[in-house]
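The structure presented is a predicted model; accordingly, all values stated were derived computationally and were not measured.
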Amino acid sequence: MPDLSIISTQTLTAISGGEPLCVFGTGDLGRSLGQRLLQCGYSVVYGSRRPDSCGPIPLGAQVTEEEGALSASLIFICVHRDHYGFLQNMAPHLEGKVGEDRGKKKTIFFPISSALCVLYRLVPGAAVVKGLNTLSAWALQNGLLAGKQAFLCGDSAEAKQAVSQVCTRLGLSVLDKGSLSASRELEDFPLQLFPQWRLPLSIALGLTAFFYFHLLIRDVIYAYVENGKDISYRIMISLANKVFPIVSLVMLSLCYLPGVIAAFIQLYRGTKYRRFPDWLDRWMLCRKQIGLLALGFAFLHAIYTFIIPIRYAVRHKLISRMKNNKTTPFYFDNTEAWGTDSFYVLGILGFFLYVLLGLTSLPSVGATLSWREFNFIQSKLGHITLFICTAHGYIYGWNKFLKRSTYKWYTPPGYMLCLIVPSIVLVLKVILLLPCVDRTLTRIRQGWERASSRDQTEPFKANNV
């Protein structure tokens, strides 16, 4: 991707006027950026080494020689870092403007890749602002900038203010990351691959592998060793359909467990002004990703359940039972009927609430909700979803917990193991809902502090001020 730099030769007041902006580079990024600037009401001039053969440019823009574009308010450099050599020829013109009239004219470079040292070497007197490293030509061309953040860092407050005004007019949300010491962090942003998904994906893969091999040993290997039956065909559908709901329920409970732990930490400390441990802070920041993965496993469970009746093994078993039981009466068990119907109803309700939670986590949907509505759905309705899905698992094995045959090779079944974490979360949540506990926790979250905690939190609050 080409480097994107901005050179400003005017003050903030001049930029907001009608003076033209210059774009060096007529590639995909340069053309897309120029078109977006034209749509926002700016006048755009392209600087090119070959203005007569630079290719198509946006309607309304002009093309001039490189030196002829220096009179523009801002100069965007949309070329690769390897081609920054032309700046060396322009450096005398730029340096003549740097510092002239004590800040009325400045030069602002706005690189998106590791070209900071190159720009400093070519134009030593430049005031540098770094950012815009998360933009693409496709997003600029299609106007998909609403809600996107433009990260800025620089040592010049005036330079950052000038660039922030242009970014805001382009439709970007500007976030100041501080001085140029944060430039390396900004450079790494476009190179990161799902940084917030690494921990949730690791947890999901670990749980899937553990329960899959656990059920493989209990179901397939046990049947082969003890009874001599080869039921390895169950690995593809039956075994997977047991693993998906188990992992989904555990992931959902892990989504709400850090909030409960944080509440007990605040109760123990008697204040909300002390930071949580780093591991808990990282856990809480990826709760959305954990919940979405739980929803994905729930979807897989629903799809696998729907295809069970059309499997060959199921149809063969059903036809064989019908042929062999023509004269044997089939007694109706009222308790089993209640259990089966309750099991399916809770599964359907749980999946519906699962989908509702997933939809409200989308930015476009969450933006239409007030904070109270969003908190009600994600917190209160989320715990109700966890309760219904846990009850779904309990009813599945309500008559199997005390049977000796359930514990093959003295190992508990998978559905029993998956109920441990959600049960702990629900019990802890009930404790927090007790009036005496909830009243104290509410006061703490409103700013109240226990007397013994005030002395420890004073330095923290002073630093924040």
Side-chain angles (χ1 to χ4, degrees), residues 199-200 203 207 245-291 293-295 298 342 346-347 349-350 353-354 356-357 360-361 371-398 401 412 414-454 456-457 460:
L199 179 59
I203 296 174
L207 290 173
I246 290 174
V247 176
S248 178
L249 182 57
V250 175
M251 294 287 288
L252 181 63
S253 60
L254 292 178
C255 184
Y256 292 99
L257 181 58
V260 175
I261 296 176
F264 276 98
I265 290 178
Q266 289 179 337
L267 286 171
Y268 174 76
R269 293 175 173 176
T271 179
K272 71 172 185 178
Y273 294 108
R274 293 176 60 185
R275 288 184 59 86
F276 293 123
D278 292 338
W279 60 268
L280 182 59
D281 185 61
R282 185 185 178 192
W283 189 355
M284 296 182 70
L285 289 175
C286 64
R287 287 181 294 179
K288 176 181 178 179
Q289 288 76 16
I290 293 176
L293 287 176
L295 176 61
S342 301
L346 290 174
L349 289 177
L353 295 177
Y354 239 131
L356 182 62
L357 292 174
T360 54
S361 68
W371 167 248
R372 187 174 182 181
E373 294 169 343
F374 183 80
N375 183 65
F376 172 79
I377 294 176
Q378 292 295 329
S379 179
K380 295 180 175 59
L381 201 62
H383 284 93
I384 293 175
T385 304
L386 180 61
F387 173 78
I388 291 176
C389 293
T390 305
H392 177 66
Y394 271 107
I395 291 179
Y396 174 78
W398 70 274
F401 287 104
Y415 68 85
M416 189 179 298
L417 292 176
C418 78
L419 294 173
I420 297 176
V421 180
S423 299
I424 293 175
V425 174
L426 292 173
V427 170
L428 294 178
K429 185 63 179 178
V430 170
I431 296 175
L432 292 175
L433 291 177
L434 295 177
C436 57
V437 180
D438 181 66
R439 190 182 307 114
T440 304
L441 184 60
T442 302
R443 292 180 62 193
I444 291 174
R445 289 177 174 176
Q446 291 176 349
W448 176 82
E449 294 182 87
R450 195 183 301 125
S452 60
S453 302
R454 291 176 184 172
Q456 301 178 11
T457 57
F460 175 79

So, taking the atom named [atom1] in [X] and the one named [atom2] in [Y], what distance separates them when rounded to the nearest 0.5 Å?
X	Y	atom1	atom2	result
Leu295	Leu353	CG	CG	11.5 Å
Leu441	Phe264	CG	CZ	9.0 Å
Gln289	Ile203	CD	CD1	11.0 Å
Leu428	Ile261	CG	CD1	8.0 Å
Met251	Leu207	CE	CG	6.5 Å

Could I get the full list of side-chain contact (heavy atoms from CB on, under 4.5 Å) partners for [X], not counting sequence neighbours?
X	value
Val437	Leu267, Leu432, Leu434
Pro277	Ile265, Arg269, Trp279, Leu280
Asp281	Arg275, Leu285

On a heavy-atom basis, which atom in [X] and which in [Y] lie closest, and how many Å separate them?
X	Y	result
Ile444	Gly270	CD1-CA, 4.0 Å
Gly414	Ile246	C-CD1, 3.5 Å
Leu199	Cys286	CD2-SG, 3.8 Å

Set of residues satisfying side-chain hydrogen bond (donor to acceptor under 3.5 Å, both in side chains) with respect to [X], sequence neighbours excluded:
X	answer
Tyr354	Ser248
Thr360	Gln378
Arg445	Gln266

*Side-chain contact, heavy-atom cut-off 4.5 Å: Val421 with Leu254?*
yes

*Are any non-hydrogen side-chain atoms of Leu419 and Leu249 less than 4.5 angstrom apart?*
yes

Only pairs under 3.5 Å count here: list side-chain donor-acceptor contacts from residues 381-395, not counting sequence neighbours, and write none if there are none.
| residue | atom | partner | partner atom | Å |
| --- | --- | --- | --- | --- |
| His383 | ND1 | Ser379 | O | 2.7 |
| Thr385 | OG1 | Leu381 | O | 2.8 |
| Thr390 | OG1 | Leu386 | O | 2.6 |
| His392 | ND1 | Phe343 | O | 2.8 |
| His392 | ND1 | Gly347 | N | 3.4 |
| Tyr394 | OH | Ser423 | OG | 2.8 |

*Between the side chain of Arg450 and the main-chain N/O of Tyr268, is any donor-acceptor distance below 3.5 Å?*
yes

*Under the side-chain hydrogen bond (donor to acceptor under 3.5 Å, both in side chains) rule, what pairs show up with a residue in residues 425-441, not counting sequence neighbours?*
none

